[in-house]
Structures are given as structure tokens and as C-alpha cells.
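Ligands are counted one by one from 1 in listed order, and the atoms in each one are counted from 1 as well. Each residue takes its place number in the sequence, starting with 1. None of these values were measured; they are calculated from a predicted model. When reading the values below, keep in mind they use all heavy atoms of this one structure, side chains included, and skip hydrogens, waters and symmetry mates.
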Amino acid sequence: MQSEAADAAVRVAGLVKRYGDKTAVNGLDLTVRRGGVTAVLGPNGAGKTTTIETCEGYRRPDAGTVRVLGLDPVADAAKLRPRIGVMLQSGGIYPGARALEMLRHTAKLHAHPLDVDDLAGRLGLDSCGRTNYRRLSGGQQQRLALAMAVVGRPELVFLDEPTAGLDPHARRATWELIRDLRTDGVTVVLTTHHMDEAEQLADHVAFVDGGRVIAQGSPDELCRSDAKNTVRFHAHPGLDLDSLLKALPDGTAATEPTPGSYLVEGSVDPQLLATLTSWCAQSGVMPERLAVERHTLEDVFLELTGRDLRA
Ligand code: ATP
């Protein structure tokens, strides 16, 4: 039986990458299993793009090893290129090229490409026809770069911020395409700043900060890893929170951040909810708009680093 690492789509171990005296990636370890969507999340400058570009063979590691589909992305570039799809943040497309001609040309280079007209239609590119790449809008350029990355039906696709700058409609179309790739068995590695994108699409999330992976797991695992969640409700101001706290399990916090708005934070389970609502019943309090709020990936990142993901 092959080990998980040997069978991985991507295996990065101890990756270090410097630009002059700036260490962009600082001992990064990441294993991406075959199949599914892996989202690499982190604030600006965390080292996401450098890591992805090293996996794509555009940058050589200063230390550490990178294997993509079991191959070295630099030494085995010729073998790897037909098997992977790459969407660069900067597009990487010749500016004078005509949009759909480029896509058709790229499709012809592959043995089993996707249907170009169908793909162009799905991504709203059919109207771009003979327009030069440089004359496309930013969003159209972005969608064309995505189409170019996937048209060859790669085994593995790297998408660097695939929805940056897209309007909500184009963003949803991109999400649908990524879901279909996943269903077709394509391994997708994407970077994003959008938590909702990762929550919607990713089977696996890796948080990158300061050039390292600081936490990883499924969105569910990560959001559960700190078992603290929140119950929010509204009632008349000035509830006796000391009395409420006595009823709730140890380690639970209850606060009134603004008058009449209450937060109960702790290990929120059915028992805690029952205790809270029975305390309300005994106290003659109607908890309006009572909601259990799960921690988001954004909250988890904030707890891990003390900083906002978008900082
Ligand atoms: P973003 O979310 O803003 O795209 P990122 O996580 O992708 O950020 P990188 O682009 O990998 O981060 O950059 C990591 C660090 O390396 C940053 O401090 C950046 O300024 C620096 N850096 C990246 N490319 C170069 C380069 N070609 N020359 C010098 N420094 C660079």
C-alpha cells in the first residue's frame, strides 16, 4: 500500500524561498491528497503565491523539496506540464492574442480537452470572440485565464485567487466550474482571501502565515477545533448575568456587549441550550432572535494569529 505522502498530488516539505534578504516561505510543509479542493488561505504576503509558483515550477526552492504528482516541478517540467493546469494571478497570456482563439489553440494541445464553446459559455466568455486579450475587462481576463487552466482537463489545477475582482455572477459561475472539476476527479489547489469561498468549496484548508502552514484540516475540523461557539439573543437590558452564569457549565462566558444584546460563549451543545432556555423560562425572559453561531474560518484564523486574514 502506498503511503499518503507518496500518493499525494502535491507534497511540499520544509520549503524555503528567499527574495534577497526577504524570506517569503520559511519551512513550509503541505500535503495535498489526490481529488478534492484544497484552499490555501492567508493574509497578503503570507507566501501563498510563492508556494504555488514553486509547485508550478516557476520558482526554484532555496531549501526543501516539492513534488507534484510525484515529480520535480523544475527537473520534470516537460512531463508535468500536460498534466497540470495553471492559472497565474497576472494572467500570463500574450496581450495581443485573441481570446477564444487562444482557448481553442490551448485545447488542441491536449488529448481530451473540454468542449471550448461550452466552457466559454459557462464562464460568460462567448461574447469575447475575436477581442484581443489586452482589450478584455479585468474580470474577462481573469475568466479566460481560468478557462485556459482547465480546458486541457488536467489531473491537477493550481488557481491563484481565481475569483479576485469578479462580480458575484462570475464568481458563482467560477465556483460551479470548480465544483464540476472536483466531481470529475480533478485535484484543485486554490489560494483565496475569501473565507466564504473556502467554506463553500474546500475539502481541505491550509492556513499560511509568515511563510508556514500554521493549521490545516477540513473547514469543519478547523471550525470545531476550538470548541467555543456562540449563542446570541436579545432581551430586555440588564439581565442578571451572574445568575445565568451560575446555571451554565463552568468555562462559559455571558456578556451584554450592547444593552439588550447578549452573547453566551462556550462549548455550545444541546445541553447548554436547554440550560439557557430553561433559565430564561424561570426568569420570565423571552430570548428574541436566539441564534447559535458557529465559528467561521475567519474567527479561527484570528484566534490563531491575533490578526485579521485581510490585514
Ligand atoms: P498575496 O495574498 O498578497 O498575493 P501571498 O501570500 O501570495 O500574498 P507572496 O506573493 O508569496 O505572498 O509573497 C510573500 C512575500 O515575498 C511578500 O512579502 C512579498 O512582498 C515577497 N515577494 C514576493 N515576490 C517577490 C519578488 N519577486 N521579489 C521580492 N519579494 C517578493
Worksheet item: So does D115 pair up with R153, basic N to acidic O under 4.0 Å?
Response: no

Fill in: R182/D203 ion pair, N-O < 4.0 Å
yes

State the atoms of ligand 1, each with its element, that fall below the 4.0 Å cut-off from a heavy-atom position in [X].
X: K22; answer: 15 (C), 18 (O)
X: T50; answer: 9 (P), 11 (O), 13 (O)
X: E161; answer: 2 (O), 4 (O)

Is there a nitrogen or oxygen of [X] sitting under 3.5 Å from a nitrogen or oxygen of ligand 1?
X: N44; value: yes
X: H193; value: yes
X: G42; value: no
X: A46; value: yes

Worksheet item: Out of P43, G45, G20, whose heavy atom sits nearest atom 17 (C) of ligand 1?
Response: G45

Worksheet item: What closest approach, in Å, do A198 and L41 show between heavy atoms, and which atom pair accounts for it?
Response: CB-CD1, 3.8 Å

Worksheet, complete the sentence: By side-chain contact (heavy atoms from CB on, under 4.5 Å), D196 pairs with (sequence neighbours left out) R171, W175, H194

Worksheet item: Partners of A164 by side-chain contact (heavy atoms from CB on, under 4.5 Å), sequence neighbours excluded?
Response: Q142, E161

Worksheet item: For atom NE2 of H112, is the number of surrounding heavy atoms from other residues, nucleotides or ligands below 6.0 Å larger than 12?
Response: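 Incorrect, the count does not exceed 12.
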
